[in-house]
Amino acid sequence: MALIVQKFGGTSVKDTDRIKNVASRVGKYRLRGDQVVTVVSAMGGVTDNLIGLASEINPMPSEREMDMLLATGEQTTIALLAMALHSLDLPAVSLTGAQAGIVTDGVHSKAKIQNITPKQVHAMLDEGNVVIVAGFQGQTPDGRITTLGRGGSDLTAIALAAALKADLCQIYTDVDGVYTADPRIVSDARKLNEISYDEMLELAATGAKVMQSRSVEFAKKFDVKFEVRSSLNNNPGTIVTEETDNMEAVVVRGVALDKNQAKVTLVGVPDQPGMAARVFSALAKSAVNIDMIVQNISHGSATPATDLSFTADKPDLAKAQKVIAELKDEVQFAEVIADEDIAKVSVVGVGMRSHSGVAAKVFETLGAGGVNIEMISTSEIKISVVVEGGKGEEATRALHGAFFGEET
Ligand code: ADP
Ligand code: ASP
Ligand code: MG
């Protein structure tokens, strides 16, 4: 008998037929004698609809109420899936994140899990139930409902797998596994049999939404090996695991596209020590996550000044602009420009540690395709470039072709 944590994302539970399909999959494991904990997302599109409803009522809704609202999406699915399992004569109970013992900090909309005490999960498993847990949500020690960031059901599943010391963790989605690029953008992207935590983390952090990046970080930290696979067929998926020696032989593992970033430029920032510190401390205090940063000497002003650009997630743009506006007197910049029409394209691979020439190939490929590069950032195993929004998909296909062979 194994203890299995299975997570089904929004597309896998998008309507009642899909929920019944999930019930029969989960049921098979339960009938062969395994203990099954199933984490589910909101039905596809529900979270976005709830966000839309909130914005019709109030453009800057209270963060507490927003989390209260969004948590209802997952709560609908857990109850429906329990009912679907009951229809198959299988014992099942649903639990909210709080009931499953998931305790988080108080940072609404991107709360971090502090600890998990899955007493009820264990008790209900011991009674023979399939235990269905609402993904994406937790509760602060003082009883406020929180959410774990978009795509956060992945994190719920990985964290529960760690807390329960599960034998197996499976992330079911609407594609067969992790590909060399988003198969919806690059038609000849290839499915990977396995990928290291670090590569999956970089791909996720740079836009490959097949896994939420924080969930991969958590998996790496607690050594939770997991499989990403399809809820619609029985094909083997992709194993995400620790790096092995032969992984470095492949220079580039994948290409990712992120269209969810915005660029903010502070023009004419006085060229004095401490300016960047003021800007980024204020942004950090407001929990705006910054990704890329570029600083250039500005030639337009009479006194020495720099232009300071950074990128942040699009949903954080309004907050970032508000924070920056409040710094106007203190930092004395000339103006602020916000640009939402950008895309970030990244190539990722642990082999970059030991192979050179990847950056050159990226720049040559984009140059040959007439794609202008606005910003560049690198890590040991990643090169990211910001390009004009409309060129993102074209750049992704060109880079995939350059590293994995042309589309046939
Ligand atoms: P779920 O609802 O199951 O959480 P998501 O929509 O969050 O599913 O993630 C699955 C989607 O991720 C796929 O439909 C695919 O378009 C996208 N995706 C982006 N990059 C990749 C990649 N490298 N490999 C596989 N899928 C990817
Ligand atoms: N329902 C949430 C979202 O749409 C969480 C998830 O699907 O993992 O982001
Ligand atoms: Mg997802």
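All values below come from the heavy atoms of this structure, side chains included, with hydrogens, waters and symmetry mates left out. Just follow the structure's listing: the first ligand is 1, and inside any ligand the first atom is 1. Numbering starts at 1 and runs along the sequence shown.
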Checklist entry - If you measure only the distance, is there a donor-acceptor pair under 3.5 Å linking the side chains of Asp176 and Asn235? => result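 Distance-only check passes for Asp176 and Asn235.
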Next on the checklist: What does the 4.0 Å heavy-atom contact list look like for ligand 1?
Outcome noted: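 Only Lys7, Gly9, Gly10, Thr11, Tyr172, Thr173, Asp174, Val175, Gly177, Val178, Tyr179, Ala181, Asp182, Pro183, Arg184, Ala208, Lys209, Val210 have heavy atoms that fall under 4.0 Å of ligand 1, ordered by chain and number.
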Is it true that [X] and [Y] have a side-chain N and a carboxylate O under 4.0 angstrom from each other?
X	Y	answer
Glu393	Lys259	yes
Arg253	Glu248	no
Arg144	Asp67	no

Next on the checklist: Please work out, at 4.0 Å between heavy atoms, whether the side chain, the backbone, both, or neither of Gln212 comes within that distance of ligand 2.
Outcome noted: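 It is neither; nothing of Gln212 touches ligand 2.
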Next on the checklist: For ligand 2 and Asp154, I'd like to know whether there is a polar contact (N/O to N/O, distance under 3.5 Å).
Outcome noted: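 By distance alone, the answer is no.
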Item to check | From Met43, Arg150, Lys7 - option closest to atom 3 (C) of ligand 2 by heavy atom | outcome: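 It is Arg150 that holds the nearest heavy atom.
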Checklist entry - In the protein, which heavy atom is nearest to atom 7 (O) of ligand 2, and how far is it? => result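 I find the closest protein heavy atom is Ser41 OG, 3.1 Å.
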Checklist entry - Can you list the ligand 2 atoms lying under 4.0 Å from a non-hydrogen atom of Gly151? => result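 Contacts of ligand 2 toward Gly151, numbered from 1: 3 (C), 5 (C), 6 (C), 8 (O), 9 (O).
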Checklist entry - Taking all non-hydrogen atoms of both residues, which atom of Thr72 and which atom of Leu69 are closest, and how far apart? => result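 So the minimum-distance heavy-atom pair works out to OG1-O, 2.6 Å.
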Next on the checklist: Can you give me the closest heavy-atom contact between Val186 and Thr396, atom names plus distance?
Outcome noted: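 Shortest heavy-atom separation between Val186 and Thr396 comes out as CG2-CG2, 4.0 Å.
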Item to check | Of all pairs that satisfy ring pair (Phe, Tyr, Trp, His ring centres under 6.0 Å), the ones with a partner from residues 100-154, not counting sequence neighbours | outcome: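 Counting only pairs at least two positions apart or across chains, no ring pair (Phe, Tyr, Trp, His ring centres under 6.0 Å) contact touches residues 100-154.
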Checklist entry - For Asn289, what residues pass the side chain to side chain contact (heavy atoms under 4.5 Å, CB included) criterion, not counting sequence neighbours? => result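 Listed in chain order: Lys110.
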Checklist entry - Partners of Phe8 by ring-ring contact (aromatic ring centres under 6.0 Å, His included), sequence neighbours excluded? => result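 Applying ring-ring contact (aromatic ring centres under 6.0 Å, His included) to Phe8 gives Tyr172.
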Checklist entry - Out of curiosity, is Gly152 lining ligand 2, as in a heavy atom under 4.0 Å away? => result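 Right, Gly152 reaches ligand 2.
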